[in-house]
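Chain identifiers are assigned alphabetically (A, B, ...) following the order of the sequence lines, protein sequences preceding nucleic acid strands; residue numbering begins at 1 within each chain.
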Amino acid sequence: MSVPLSSSKQSTVFLLRLCLLKPQTSAIPYYPLHRHLSTEPNPPPQDEESLINEAVQLFQVLEDGNSSSTQLHQLLFSSSSPSSPGIFRQITRRLASSSQALEFFDYIRSNSPSRELTSLSFTFQAIFELASREPDPQNKLLELYRTSKERNIPLTVNGATLLVRCLGRAERVDEALAVVDELDPSLKNTHFYNVVVALLFRSGRIVKALNMLDEMLQPGADCPPNDITGDVVFAALSRREWCGRSISDKEIVGKKMIGLAWDVLHDVMKAGGTLEAASCNALLTGLGRDGDFERMNTLMTEMKEMDIQPNVVTFGILINHMCKSRRVDEALEVFEKMKGVSGLSVEPDVITYNTLIDGLCKVGRQEEGLTLMDQMRSENKCMPNTVTYNCLIDGFCKAGEIERAQELFDQMNKERVFPNVITLNTLVDGMCRHGRITSAVQFFDEMRSKGLKGNAVTFTTLIKAFCNVNNIDKAMELFSQMSKDGCSPDAIVYYTLISGLSQAGRMDDASSVVSMLKEAGFCLDIVCYNVLIGGFCRKNKLDKAYEMLKEMEQAGVKSDSVTYNTLISYLSKTGNFATAHRVMRMMIKDGLVPTVVTYGALIHAYCLNGKIEEAMKIFRDMSSSSKVPPNNVIYNILIDSLCKKNEVELALSLMEEMKAKGVSPNVTTYNAMLKGLRENNLLEKAFDLMDRMVEQACNPDYITMEVLTEWLPAVGETGKLKNFVQGYEVSVSTA
DNA sequence: CTAGGGTTAG
């Protein structure tokens with residue numbers, strides 16, 4: 001039964017479909033729109049049928065030079081000929097080829113100049129249809145499209161649809177979009193929009209696709225979305241990798257998608273449609289991705305009100321997002337609740353457990369994670385899998401308990417839970433981070449011999465580790481090894497290596513890696529440019545740094561505040577203050593705001609150049625304008641410089657100011673201050689600071705200890721030094 | 001549900 005629905009109902013159908021993860025039969029009758037969109041006209045009545053056949057035959061012989069033109073003319077254009085509106089289109093459809101059809105079209109036009117435009121449009125559509133079934137349809141259609149424009153024949157919606165679909169298939173998206181713009185907006189129908197939106201999503205033009213969808217949803221528009229539209233949007237929504245977009249774009253688009261889905265779901269609710277947990281789960285996932293806890297909560301409440309049973313996935317989403325925001329105890333509460341509250345219990349599955357175990361490990365509660373693994377076995381006969389072990393191994397690695405991690409690795413092997421590349425990478429990373437690079441490489445080799453190969457992540461981890469210990473040669477060796485191992489480097493591998501080389505001052509090597517990166521088809525991003533600019537500056541190669549800036553401009557990569565700060569820091573450190581200030585003005589002109597780092601760079605450089613008054617001036621400036629309040633790095637620079645200039649009183653007053661403004665001192669602050677106090681033998685002040693350090697649990701470092709052990713015993717204050725050290729031992733034992 | 005990346009002032 002096909003009952004025409006009001007447009008609001010039709011959009012409900014769309015909304016409902018949009019919200020369902022799996023297609024389901026809708027409770028609301030669905031009007032088969034496609035029947036109205038079909039390009040097949042109704043079969044002609046019998047008398048017309050014979051007229052059409054006759055005309056087709058006459059036209060074909062006319063081509064051969066016969067003089068049947070009068071006959072044809074009479075058949076088609078005499079006052080007695082029963083020309084129904086679609087008659088020419090019918091004839092055109094039956095001609096042998098699109099080129100013949102075009103001739104026929106011109107024939108009618110020259111014989112019936114008063115022919116109305118719509119009729120001609122439909123006839124031309126028939127030519128498009130013929131061409132689309134012939135060889136090389138894309139070029140033929142484009143050619144015909146040009147012809148139609150030359151002859152001033154407007155497109156029909158189906159003609160346009162055909163063109164868009166055909167061009168889209170040939171990935172000639174821009175040409176397809178030109179067709180879209182060409183079509184009379186009032187002709188656009190649902191089918192047309194569906195084809196266009198699908199094409200836009202497919203070609204990654206998400207924003208444009210969403211705008212199109214908005215057009216469809218406009219109250220006045222006569223093209224309500226149907227289930228196909230829903231399918232198209234859903235396919236796009238679940239496709240996570242929207243390649244080639246920047247993060248901010250992704251966010252905007254994601255928000256718009258979520259917003260659409262949110263409205264959709266609520267329209268369904270208002271319309272009294274039936275919803276399943278799966279629909280809500282899809283939306284919850286999106287909201288979670290957005291970090292929108294508020295609306296997640298609202299939705300959960302609404303689910304309850306509407307008697308929609310949450311399932312294990314629903315709880316999984318909630319638990320996951322609580323864990324991800326480090327609210328593990330709340331996650332555990334939800335976990336307990338799902339198991340047995342108000343009669344309807346939902347059994348946790350291995351994913352639920354893994355999520356929680358990971359959450360616990362990520363906040364350093366890996367022992368509890370281990371307990372939970374035991375619990376899943378015993379309480380739920382739910383066996384741990386590779387992911388379970390990976391989470392726990394990572395937890396113990398991050399805690400520096402590499403042996404425990406290795407024990408878990410052995411245990412999983414014994415239980416025949418097979419390690420995968422993530423297990424490998426997790427252990428390799430853990431070893432590297434805790435100074436066991438050699439073991440990491442050994443383990444990597446061992447696994448490879450057993451058939452577990454590494455991937456780009458493994459190599460990134462090792463390359464970074466070797467760069468960190470300044471073993472650049474080994475890092476480069478690994479980089480060349482990876483291609484030999486049949487593992488192609490991704491952008492992250494290149495970035496890591498470029499950064500390591502730049503940090504090590506090996507700018508020639510860094511440049512050659514940049515060339516390789518480009519050869520591999522990757523691009524430098526802003527961070528990578530900043531890394532390189534910083535590297536060139538440190539090597540005093542300002543010309544190279546400027547080359548990078550030029551290249552950035554050509555590549556359309558905008559400088560950010562880090563870029564400017566890097567330059568300002570270099571310029572001012574080399575005494576080039578005038579240029580530094582000029583660059584700062586450029587920065588502002590460029591729409592960027594000087595940050596605390598910008599001021600820090602200038603202040604530091606003024607201090608280094610002995611211009612402490614200039615430094616103080618900037619410092620007072622930033623304090624008063626207070627848009628950029630000084631942080632402890634700024635104070636540390638000044639305190640250190642003042643102490644070195646023997647202006648200890650001034651330094652002490654800055655420390656008081658820090659206290660008043662709630663900027664916490666750190667070990668660097670205390671070290672600078674204590675050195676200054678030692679120079680002036682201001683013992684009482686030093687004791688005061690030492691007490692403050694203990695109070696604030698600010699751990700002394702080797703510099704602190706050096707200063708104090710050289711100073712206090714020499715002035716007979718060994719007791720104070722002992723107390724100071726003990727203060728930390730006490731706080732360690734109470735912790 | 002699990003693994004890897006880089007930058008600027010002390």
What is the distance, rounded to the nearest whole Å, between atom [atom1] of [X] and atom [atom2] of [N]?
X: A:L567; N: B:dA9; atom1: CG; atom2: P; result: 12 Å
X: A:N632; N: B:dA9; atom1: CG; atom2: P; result: 15 Å
X: A:M584; N: B:dA9; atom1: CE; atom2: C1'; result: 13 Å
X: A:I603; N: B:dT8; atom1: CD1; atom2: P; result: 18 Å
X: A:L372; N: B:dC1; atom1: CG; atom2: C1'; result: 13 Å
X: A:M376; N: B:dC1; atom1: CE; atom2: C1'; result: 10 Å
X: A:H321; N: B:dC1; atom1: NE2; atom2: P; result: 8 Å

Exam field: side chain A:H604 to backbone A:G600, donor-acceptor pair closer than 3.5 Å: no

Could you check whether A:K644 pairs with A:D640 (Lys NZ or Arg NE/NH1/NH2 to Asp/Glu carboxylate O, under 4.0 Å)? yes

Along nucleotides 2-7 of chain B, 5' to 3', which nucleotides get a B, which get an S, and which get a -, given that the test is a protein heavy-atom distance under 4.0 Å? BBBBBB

Indicate every side-chain donor-acceptor pair of residues 579-587 of chain A with a distance under 3.5 Å to a residue at least two apart or in another chain.
unit_1	atom_1	unit_2	atom_2	d
A:T579	OG1	A:N576	OD1	2.8
A:H581	NE2	A:Y606	OH	3.0

Say whether A:N354 and A:N390, considering side chains only, have a donor N or O and an acceptor N or O under 3.5 Å apart. no

Say you draw a straight line from OG1 of A:T566 to CG of A:L532; how long is it, rounded to the nearest 0.5 Å? 11.0 Å

Side chains of A:L549 and A:L567, heavy atoms from C-beta outward: is any pair under 4.5 Å? yes

Assign A:D640 to base, sugar-phosphate, or nothing according to its heavy-atom contacts below 4.0 angstrom with the strands shown. nothing

I'd like to know if A:N636 reaches the base of B:dA9 with its side chain such that a donor and an acceptor end up less than 3.5 angstrom apart. no

List for me each residue that meets side chain to side chain donor-acceptor pair (under 3.5 Å) alongside A:T574, sequence neighbours excluded, and say none if there are none. none

Mind checking side chain to side chain donor-acceptor pair (under 3.5 Å) for A:N413 and listing every partner two or more places apart, or none if nothing turns up? none

Nucleic acid contacts of residues 610-619 of chain A, taken as heavy-atom distances under 4.0 Å to DNA chain B: none

On the nucleotide B:dG10, are OP1 or OP2 found under 4.0 Å from the side-chain N or O atoms that A:T668 carries? no

Residue pairs passing the side-chain hydrogen bond (donor to acceptor under 3.5 Å, both in side chains) test where at least one lies in residues 523-537 of chain A, sequence neighbours excluded: A:Y529-A:E551, A:N530-A:D560, A:N530-A:T563

